[in-house]
Protein chains: 2
Amino acid sequence: MSVSDDIGRRGAPTTQRRGRRAAPLPPSDDVEDAAAASGGDLDLSGLTDVVGYALRRAQLAVFEDFIARFAALDLKPAQYSVLLVIGRNPGRKQSEIAAALGIQRPNFVAMLDELERRGLAERVRSTTDRRSHAIVLTDDGRALLDRALEVQREQEAIIADRLGPGGRDALVALLHRLTDTPLAERD
Amino acid sequence: MSVSDDIGRRGAPTTQRRGRRAAPLPPSDDVEDAAAASGGDLDLSGLTDVVGYALRRAQLAVFEDFIARFAALDLKPAQYSVLLVIGRNPGRKQSEIAAALGIQRPNFVAMLDELERRGLAERVRSTTDRRSHAIVLTDDGRALLDRALEVQREQEAIIADRLGPGGRDALVALLHRLTDTPLAERD
DNA sequence: TATTGTTATACTCTATAACTATA
DNA sequence: TATAGTTATAGAGTATAACAATA
């Protein structure tokens with residue numbers, strides 16, 4: 001997504017009262033009547049039944065769970081992803097790691113500073129090109145990553161349990177179809 | 001999701017080189033060798049094949065497309081969702097609309113200020129409880145919402161085209177299973 | 001005492017321009 | 001001249017405390 005915008009936030013309920021088809025807007029009769037006549041859950045049709053909103057809400061739910069699980073390791077989602085990519089690609093340039101994760105190079109500096117401060121990763125000055133840093137995990141970083149991978153496996157198991165094993169695989173496949181090619185170029 | 005954290009950002013590639021199974025961490029042999037031996041895409045296994053990351057990337061992709069489509073209407077995703085919920089629930093309290101969308105009450109003030117400034121929505125002081133505001137769309141607001149709904153239908157059609165009609169419905173159903181009940185309470 | 005809307009504020013994530021040191 | 005890392009900074013989005021008006 002571009003800049004920042006959000007649709008659904010924390011704890012927003014997923015109410016659904018009307019049918020699946022696009023509900024016509026209610027007639028704009030007397031305002032006070034409408035307010036008085038209501039009182040129950042709001043009509044969120046057209047929102048909950050749309051891919052973008054459902055994606056947003058699901059992503060928030062999964063991340064919330066992720067954050068809770070990783071609190072014990074003091075790892076946020078972005079930190080975990082950085083640790084994992086460094087672990088799988090040791091010695092890569094700082095800018096390569098950042099680009100692979102879609103993180104702007106300037107924003108990646110503080111991120112690495114923190115991992116280095118915690119003794120999880122290291123910047124190694126390259127001998128061939130003294131501008132660049134080869135990024136590697138320390139022993140502590142690898143140990144923490146191993147623990148994190150186990151926690152991640154647990155979350156994935158919970159999700160597979162919720163969706164059914166075939167459901168989890170189907171979901172990932174569908175999501176990849178949305179990300180493999182930009183949506184706009186399609187039409 | 002809780003606070004803020006992100007995993008995938010803008011334009012992050014979705015590289016996938018190894019198999020689906022958890023790839024073992026590469027041996028931590030000589031750093032310079034590893035850096036020199038590489039050069040191609042990075043190994044993102046364990047990230048792209050996981051629900052949380054795939055969700056995040058897909059949500060960003062869909063929102064990016066959404067933002068581009070709605071630029072002509074000068075509506076961001078959050079603004080569209082507010083317009084839609086007001087349109088479907090005219091006369092509801094300001095705090096009810098905010099809560100339904102998971103927006104904190106303080107943050108909803110500026111949001112409504114802007115919609116009111118643009119003449120799309122109005123705060124109507126309730127006669128029964130003079131603390132609360134009944135929120136309604138103006139005629140302009142309803143007209144803009146109608147145009148927005150059409151644009152939204154177009155995006156949904158693109159997505160259904162990408163996933164297949166059954167694929168789109170399956171995706172939404174799977175996503176709802178992740179949001180209907182908090183993941184944590186499940187185990 | 002509790003609720004509605006509001007203000008003020010702070011923290012995180014994201015984005016861009018510009019500097020430095022190297023190449 | 002171009003690239004890698006960095007600094008500074010600005011803008012969204014989100015969260016909490018506290019206040020005034022009203023119930």
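Lettering follows sequence order; numbering is per chain, from 1.
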If you assign B:Ser132 and B:Pro106 each to the DNA chain C nucleotide with the nearest heavy atom, which residue ends up on the more 5' nucleotide? B:Ser132

Closest to the A:Val109 side chain: D:dA4, C:dT7, D:dT6? D:dT6

Send over the distance from B:Arg105 CZ to D:dG13 P, rounded to a whole Å. 18 Å

Against the side chain of A:Arg123, the closest entry in C:dA21, D:dT6, D:dT22 is D:dT6

How many Å lie between CG on B:Asp113 and P on C:dG5, as a whole number? 13 Å

Could you give the CE-to-C1' distance, from A:Met111 to D:dT7, as a whole number of Å? 18 Å

Is there a donor-acceptor pair under 3.5 Å between the side chain of B:Thr138 and the backbone N or O of B:Gly119? yes

A:Asn107 CG to D:dA4 P, straight-line distance once rounded to whole Å: 17 Å

Quick one: list whatever passes side-chain contact (heavy atoms from CB on, under 4.5 Å) with A:Arg105, sequence neighbours left out. A:Ser95, A:Ala98

As a test of understanding, state which of B:Arg118, B:Arg69, B:Arg147 forms a salt bridge (Lys or Arg N to Asp or Glu O under 4.0 Å) with B:Asp74. B:Arg118

Between NZ of A:Lys93 and C1' of D:dT6 the distance, given in whole Å, is 15 Å

Length of the CZ-P vector between A:Phe108 and D:dG5, whole Å: 9 Å

Does C:dA23 have OP1 or OP2 sitting under 4.0 Å from an N or O in the side chain of A:Arg130? yes

Starting at atom CZ of B:Arg92, determine the distance to atom P of C:dG5, rounded to an integer number of angstrom. 13 Å

Nearest-Å distance, CD (A:Glu96) to C1' (D:dA4)? 11 Å

Of the nucleotides D:dG13, C:dA15, C:dA23, which has the atom closest to the A:Arg131 side chain? C:dA23

According to a strict under-4.0 Å criterion, is B:Gln104 in side-chain N/O contact with OP1 or OP2 of D:dG13? no

Less than 4.0 Å between a side-chain N and a carboxylate O, is that true for B:Arg153 and B:Glu150? yes

Charged N to carboxylate O below 4.0 Å: is that the case for B:Glu114 and B:Arg117? yes

